[in-house]
S.K.: 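Quick one: the structure is below, questions incoming.
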2 protein chains.
Amino acid sequence: MSIAILGGTGPQGRGLALRFARAGTPVVLGSRDGGRAQGIADELNAQLEGAATISGEPLREAVAAADEMVILAVPYSAHDATLEAIRDLLPGKILIDIVVPLDDGDPKRVDMPAAGSATEAAQALLGEEVPVVGALHNVSAAILNQLDHSINCDVLVCGNDLAAKEKVIELIRQLGVEAYNAGPAVNARCIEAITPILIRLNISKKVPFTHAGIRIWAPDA
Amino acid sequence: MSIAILGGTGPQGRGLALRFARAGTPVVLGSRDGGRAQGIADELNAQLEGAATISGEPLREAVAAADEMVILAVPYSAHDATLEAIRDLLPGKILIDIVVPLDDGDPKRVDMPAAGSATEAAQALLGEEVPVVGALHNVSAAILNQLDHSINCDVLVCGNDLAAKEKVIELIRQLGVEAYNAGPAVNARCIEAITPILIRLNISKKVPFTHAGIRIWAPDA
């Protein structure tokens, strides 16, 4: 089952492509520049030595090549325009929105869209026919790209379609992380906003770490 | 240095009183019914055997007895009215707001005030003279009240006054937990909203735990 990663040439997209390909899921990187996507795919395949299942395509071809799930990993400034460019190809597929609406001038702040969050904005733009699932917002791109590191956080998954969320949770568990159903799309207002709090901690001089994630923790787990 | 806990007769307030008193900080429980506050204080002191430093007072007397910090732990429905009743006593003190605006009919949802969050609403109501610090929203009351359990989460602390946040972080570290500066008061929109996500997980049949918290996690910590 191939997945597409749009914005797959950015750090988050590249890291996810490496991780999913290594776990056995073929990945099609999508970019406005299909040649650049193919070039990045070649680089990533070289890193994986053998498990060479990453390819690169222009955006629409990447979406068409995905069997069921399309990950949106573009910068927030390209969020809506990218969805507009592919929306007619999405019915029958699940959109996984990992975009965090960071403030343009200050990545320690969110600048939420009028819809409340990126996930809700995507759902409003695509209509009820396409289930949108918010996930993977809080995973450090640096960690994703260091394949010798295990991923240091749990993943909170939200959206209004339970069956779609369950498929996404199953996909994410391929990465060796725990993924939790964190409720409806409205909860993306919280989950997306965790990322700038982590960025703030990472750049603080008062903590001994630089790539924080969050974990759900319980005494009886 | 005595602290006051308003709404100290509720489960969160009682648990915090036990934990702070055991750590050596005298606690004054404040309640609209001062007699009831004293009764709960007696019960808690009996649990602590010896470290009997919890007392109970009517709301205004409790605030007056606090040296520097007042914890607001009332139900959200009493948030603004409680602040109105004590606001003239607060200048010179720090208000620690731990209230989560849970939806009246569904504790798996937030019902945020127009100000954006409880912490921001408190800051707007009290004015800039009184620093408001949001904290301790995501700590399970059940865990707090089980003194043989260590507290299973980190604490995210937010507010617009850095010096006040640093004092609150120092206070919270008495409980044996890590507390982090999570940025300005606006971040309470995220931090308060984590609680209903944890409540949702706790009541889900798909997880093996009932008292989840969150931890900040990093590979290089």
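These figures come from a predicted structure and were not determined experimentally. So that the names make sense, note that chain A is the first sequence line, chain B the second, and so on, each numbered from 1.
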S.K.: Quick check: do A:V110 and B:R189 have side-chain heavy atoms less than 4.5 Å from each other?
M.R.: no

S.K.: Should the heavy atoms of other residues, nucleotides or ligands under 6.0 Å from CZ of B:R19 be counted, would the total exceed 12?
M.R.: yes

S.K.: Say you draw a straight line from CD1 of A:I194 to SG of B:C190; how long is it, rounded to the nearest 0.5 Å?
M.R.: 4.5 Å

S.K.: Taking all heavy atoms of B:A212 and all of A:A218, pick out the closest pair and write down the distance.
M.R.: CA-CB, 3.9 Å

S.K.: Which residue is it: B:I197, B:V207, B:I214? I am looking for the one with a side chain to side chain contact (heavy atoms under 4.5 Å, CB included) to A:I216.
M.R.: B:I214

S.K.: Considering only heavy atoms, give the residues of residues 137-147 of chain B separated from chain A by less than 4.5 Å, sorted numerically, with 'none' for an empty result.
M.R.: B:I143

S.K.: Looking at side-chain heavy atoms only, is the closest gap between B:R200 and A:P184 below 4.5 Å?
M.R.: yes

S.K.: Does atom CG (B:D104) have a neighbourhood of more than 12 heavy atoms from anything else shown, all under 6.0 Å?
M.R.: no

S.K.: Does a side-chain heavy-atom distance below 4.5 Å link A:F209 with B:W217?
M.R.: no

S.K.: Quick check on A:D154 against chain B: is it the side chain, the backbone, both or neither that has a heavy atom closer than 4.5 Å?
M.R.: neither

